[in-house]
Amino acid sequence: MDKRSTRKRSKSAKVTNTLDKVDRLSSLPYEILTKILTLLPTKDAITTSVLSSKWISLWTFANVFVFPNNFPSITRNNFVEIFNNILAQRRSNLINRLFLCFETCYDPDLVVKMISMAINQKVQEINLFLYPFQVYLPSQLFTCKTLTVLELVGSLKFFQISYVHLPSLKILHINLLSFVEDETLMRLFSGCPVLEELIYEEFTFKRTFSFEISVPTLKRLCVRSSDKRLHINTPRLQYFQLDYTTAIDYAIRNMNNLKEAYINIYFDPEDEEEKENIPNLFNGIHKTQFLSFDVTSTEVNELADGEIKWTQPNIAVPTCLSSHLTSLIFKDYEGTTDEFELISYFLASGNALKRTIIYFQTNWDPTMASNDVSRLCSLQRASIENKTSYVLRS
Amino acid sequence: MAEEVSSQMNSLSISETNPSSSATISLVSGDDIVFKVEPTIAKEMETVQSFIDETDGKITTIPLPNISSHDLPYVIEYCEKSIAGKITKEFEAEFVKKLNNEEVKELFLAANYLNIKKLLDFLSQVIADRIANKSVEYVRRYFGIENDFTPEEEAKLREELAWTFTGVDPDDEDEN
């Protein structure tokens, strides 16, 4: 800001709280008002052109293109007209963000045109949620130098991608309805030299033995996959979330810097192979400082959801439990023998435990619960500092 | 006009007769209330800092005639949090809860005048959230915009943009 003019303005400006109801916001510079418009969905930004003559074309300077959902007013008849109109009126020659969420689309070619336009206008963030119609992503998308965030969700398809180079991409989210070849996916991962966050969701079973999520720069990883195989190699990972995994073949390498892990296993108690292989998962993430572990069982009718079967291991107590674990939180305690023995094992082995919280299942009878509390209180504790609290209703 | 200039002179003389306070910066609101702040706070306000730099740090009392004593404490609070690195989502949610629409607008203007980028970005988002999906009449009232279209012009515009007027929230949340 020009200092001289600031001072001059200071002397002549009126004190604000004299309640002059003049339209001071509209008199702000265009670029400041456009800033507000770039934070609105494009539909709302366009609506502001009816406010007054000053606002009539303000939205055309907004450097974003955001359609977070379908509108009933956009139909087969006016779809092409509306979007071509918007594109023709835009005066900004940059697009920071392209966000399209369409459940119906009357012209996939137009969507591709918008993606290509964004790439040519130095787009930084692309979020596509498109289904159920198919859109073939243009190959320039995978060599876009300015892109920092890419979300691809729905029925998007790739042409054969021969070359991927996304030098600025930090966040990648993939959840595609159609199968993508191992090679293509791995080429995509390895073409992102500064990728920090990956959300990878997939519901196929076709990965071959060579498939691995291998990203040296990755700090956060969320996987939600129904694949039987899960091979990961991420040496800088700090945050790992695994949702509803049914995998049986785990190969988790290089997770030495892990700080937080959230694991939810979708568990079939009949499947011996699955049971045998779960330790491989924990071996891979044993360096984590925080672990949340949750079991969802497949046999909801016979076995209560998430019921825990516990067999005292006849091996030495793992060092993570004996000397590192400081906090234990147990949810939905029902007082079964297995649960009681599991907690007993943790309390008797956790030399470093400072805090234990046990949440009872919410419909648990209070008098029964008080019996359980006295049973749990009588348990032997390895750590005298261990403060235990019992929560009846969470 | 004369009155305003003299009030500035008053403020200036305060800092000159009180050299021990030279470490702190005095910000004088439009209604002549003096707020003493640490120089680090002034650094957050680019307009103030460039004023100080321009005078080689000799002047430490800065008149801010566009900002009232009602709004300035909010600005200072935000800057303090910002320096401490404590701008969290929780803090921003609490901060914005205290503000009515009029205050949000005043603070937005203040942030623009003082050139505090973080506060301006944050308030832009607040304003966008508060006008998203609202009717034209609501947004006009919100900004205090005078409609300078003729009824015919407005009707024509509304017809052209008919597709944007679906799913608008009812106006009952208007707190102005």
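In what follows, chains are A, B, ... by sequence order, proteins preceding strands, each numbered from 1. Just so it is clear, the structure is predicted and the values come from calculations on it, not from any experiment.
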Rounded to the nearest 0.5 Å, how far apart are CH2 of Trp55(A) and CG of Asn147(B)? 13.5 Å
With respect to Ile131(B), which candidate in Asp44(A), Leu40(A), Thr47(A) satisfies the side chain to side chain contact (heavy atoms under 4.5 Å, CB included) definition? Leu40(A)
Measure Ile56(A) against the heavy atoms of chain B and call it side chain, backbone, both or neither at under 4.5 Å. side chain
Under 4.5 Å to a heavy atom of chain B? For Ser49(A) that would be both
Atom group of Leu51(A) that falls short of 4.5 Å from chain B, counting heavy atoms: both
Looking at Lys98(B), I want to see if its NZ is surrounded by more than 12 non-hydrogen atoms of other residues, nucleotides or ligands under 6.0 Å. yes
Distance col, row Leu161(B):CG vs Lys43(A):NZ, nearest 0.5 angstrom, shows 11.5 Å
Verify the neighbour count for atom NZ of Lys219(A): are there more than 12 heavy atoms of other residues, nucleotides or ligands below 6.0 Å? no
So, Asp148(B) versus Ser53(A): side-chain donor-acceptor pair below 3.5 Å or not? yes
Side chain to side chain contact (heavy atoms under 4.5 Å, CB included) between Lys35(A) and Asp121(B): does it pass, once the steps are laid out? CA-CA 8 Å; Lys35(A) 200 181 176 67; Asp121(B) 286 348; 2.6 Å; yes
Residues Leu120(B), Ile32(A); criterion side chain to side chain contact (heavy atoms under 4.5 Å, CB included); working and verdict: CA-CA 9 Å; Leu120(B) 198 61; Ile32(A) 300 287; 4.0 Å; yes
Taking Arg140(B) for its side chain and Val50(A) for its backbone only, find out whether a donor-acceptor pair lies under 3.5 Å. yes
Top residue by heavy-atom pair count (under 4.5 Å) with chain A, among Val139(B), Val136(B), Val126(B), Leu123(B)? Val136(B)
Take atom CZ in Arg97(A); do more than 12 heavy atoms of anything else shown fall under 6.0 Å from it? yes
So do the side chains of Gln125(B) and Ile36(A) get within less than 4.5 Å of each other, counting heavy atoms only? no
Sub-4.5 Å side-chain heavy-atom contact between Ile127(B) and Leu39(A): no
